[in-house]
Protein chains: 2
Amino acid sequence: MSSIKEVAKQANVSVATVSRVLNNDPVVKPATKNKVLRVIKEMNYKPNMLAKNLRKQASRTIVMVLPSMSNPYFSEIARGAQAAAYDNAYNIIIGTIESKRWILDTYINMLKTNLAEGIVFVSSSVNKELLEELMDEYKIVLCTEYYPGINATCVAIDNKRAGYEATKELIRRGCSHIAYITGNRESSSVTARIEGYKEALKEAGIPYRPDRIAGAKNRFDHVKEAVNGIIGQGLPIDGIITHSDLQASYILKGIKEKSIALPERVGMISFDGTFLAEITNPTITTIVQPLYDLGYTSVHKLILKLVNESAEAGEEEGLVLLPHHMVIRET
Amino acid sequence: MSSIKEVAKQANVSVATVSRVLNNDPVVKPATKNKVLRVIKEMNYKPNMLAKNLRKQASRTIVMVLPSMSNPYFSEIARGAQAAAYDNAYNIIIGTIESKRWILDTYINMLKTNLAEGIVFVSSSVNKELLEELMDEYKIVLCTEYYPGINATCVAIDNKRAGYEATKELIRRGCSHIAYITGNRESSSVTARIEGYKEALKEAGIPYRPDRIAGAKNRFDHVKEAVNGIIGQGLPIDGIITHSDLQASYILKGIKEKSIALPERVGMISFDGTFLAEITNPTITTIVQPLYDLGYTSVHKLILKLVNESAEAGEEEGLVLLPHHMVIRET
DNA sequence: GCTCCGAGTGTAATCGATTACAAAATGATG
DNA sequence: CATCATTTTGTAATCGATTACACTCGGAGC
């Protein structure tokens, strides 16, 4: 493995000059530069980033933590994140924690040990306590979640409004017994959407019933239990809002195999807008989130924070809302 | 940011001793060790990995390159890969190239610049030429593909046998006009499956027709065109094998929206065994690949190669076959 | 009491780059 | 041609860890 020293010797210059050539320092004389470049090519030299990173005290690497990978929702966010990292010549490590807390620690350790310069937490990959512990020392962006009072940029959609719009649409169709299958009840996106849901109900004069809301993970059995739990209380359902396309697809599956006692033509609106909503039968009406952009923007904002380290003050913090829209399909 | 030097000063020992404590060197006297550990905790010291990496000339990082992320197929492989990396205390960078060659270069550069110690190429994320260029200098594992003559471990299923079995099943059901929608025709998994397909046809005395085979990417329009291309030649189809669950789901979608002129009850067998095959309507019969294990094993093998650098000789190279199985569903 | 040995610790080189500062080369000017 | 300003290049410190080697110190053996 050739080092800068060998290149310097071969080119008959000092390591400093080679370094300057590598970094495009305009002070080097063109002739020297060419000579060095020739040697670099001849020797097939590549700078050792480990050395560079140490010297510069910067890894040019960030981390994005996802709850899981098995939902296309996250893949799309990750895709945007990778693009943003690439565009800014940063490396990005995308990690999933699969609800194992100790795995989260490995990613946070990358921050603590200088391997990573900043981190994006997507969805409920982190809780508020941990966040408060980290927010003063490290550069953090939250993607699709919003914790007021946290010293971190948050990138998300207007979940309250989206929840409102979804509910409104079902009401418009004549639904008045609308169930809500949520995700993790502690997540801010969930509570915001429910606020919108309540508001729409109120506006329509439909009484709000908390027992029409049930949380479920993105697993078939969870979703089935959640829906059947509501039905089991003797509550009629003529419309459903789900937290994700995946949940909605599971409901369709349950209806079809008759493990969920709902009519095939139930009005249903899901969140996310992944391709899943298009390949089910019937296809699913969804609130489309700008997933790619959410990922892209999160990373972009994080990198801005890293670069503007000088502009210390937390003026830039806050909430960034990206637009969503509804796509009406068969459900 | 506290460094080892400050810890040493605070604990009244040399940096060497602190380093020994950090690395659990048994020579340090227990009393000293405790003293140092106390200071480390007090100062909330974390070793700087950038320095460690440089000194040890090892990043403990590997790369896994995926063609894309939007197929749950890849997510599942990535999940296994992450687990293997975690189990071996390696970092893993999972990157997708989205068929942009220049993005692939960034990942390969991580190898060349010492940021990564090895790489796993999944599916057709790399071509044979590039592979031949890299194989002598770097540690490489291929996942789900197999190039004979390449100095890299390959982890995959027995694609020929799987293709044979899928075809056989359709023949058993009485199909005799079996179309094959493949992926990238240059990939070894595709050609191996087709071999199996041919073999099963031959065995059943059904003539093989190359024009019943068409390649398609994992996009609705591609798949639709491929299928309609075969139909358009006037060739009847009473059975279909697809390269992926995703393709199969698109075919169902096309049938339903009548943009693909096939009966709803067409016999279809796809490859992969992702959750997609369960949420479609009808559900899809698939050859289930051990995706998680494919990812896990690939990374595990790579790390073994890295650790056994001493055992230079390429004795360990070769093909690792993991078992697959068929799950019969509604198609 | 002296030598020797091993346990425990410290000193300093090293990994491969960047960069402040010093020094040399170049060129302009009178 | 001497002087000085400006380019261009080189020297050496530095980032923060690891580790070969040297050293100290106490006790065992004679």
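From a predicted model like this one, the values you see are computed outputs, not experimental measurements. Every chain is numbered from 1, with letters handed out A, B, ... down the list of sequences. When reading the values below, keep in mind they use all heavy atoms of this one structure, side chains included, and skip hydrogens, waters and symmetry mates.
Residue side chain A:Arg20 reaches the base of D:dG10 through a donor-acceptor N/O pair under 3.5 Å, judged by distance alone.
Protein atom CD1 of B:Ile40 is 14 Å distant from nucleotide atom C1' of D:dG16, rounded to whole Å. The interatomic distance linking A:Leu54 (CG) with D:dC15 (C1') rounds to 4 Å, in whole Å. Here C:dA17 presents its P atom at 13 Å from NZ of A:Lys46, a figure rounded to the nearest Å. In this structure, B:Gln57 places its CD atom 12 Å from P of D:dT19, rounding to the nearest Å. Rounding to whole angstrom units, CG of residue A:Asp25 and P of C:dT19 are separated by 9 Å. Regarding B:Asn34, its CG atom lies at a distance of 11 Å from the P atom of C:dT9, rounded to whole Å. Separating the NZ atom of B:Lys5 from the P atom of C:dA12 is a distance of 13 Å, rounded to the nearest angstrom. Here the P atom of nucleotide D:dG10 and the NZ atom of A:Lys9 are 15 Å apart, to the nearest Å.
Contact annotation for A:Val18: no contact, since no heavy-atom pair falls under 4.0 Å across all strands. Using a 4.0 Å heavy-atom criterion, one finds that A:Asn23 contacts the sugar-phosphate atoms exclusively. Here B:Val13 lies in heavy-atom contact (under 4.0 Å) with sugar-phosphate atoms only. Residue A:Ser19 is classed as a base contact, given a heavy-atom separation below 4.0 Å to a base.
Relative to the six-membered ring of A:Tyr292, A:Arg79 misses at least one condition, a distance below 6.0 Å or an angle of at most 45° to the axis.
At C:dT9, none of the side-chain N or O atoms of B:Thr17 fall inside 4.0 Å of OP1 or OP2 (strictly under the cut-off).
Sequence order on DNA chain C of the closest nucleotides to A:Arg55 and B:Val15 puts B:Val15 first from the 5' end. Residues B:Ser14 and A:Lys56 each lie close to DNA chain C; by heavy-atom proximity, the contact nearer the 5' end of the strand is made by B:Ser14.
If you check D:dG16, C:dG10, C:dG8 against the side chain of B:Ala16, the one that comes closest is C:dG10.
Closest approach of A:Leu291 and A:Tyr73 over heavy atoms only: CD2-CE1, 3.3 Å.
Judged by distance alone, with hydrogens and angles left aside, the side-chain atoms of A:Ser298 form no donor-acceptor pair with the main-chain N or O of A:Cys143 at under 3.5 Å. The closest donor-acceptor contact from the side chain of A:Ser3 to the backbone of A:Lys5 lies under 3.5 Å.
Within a 6.0 Å radius of NZ in A:Lys35, other residues, nucleotides and ligands contribute more than 12 heavy atoms.
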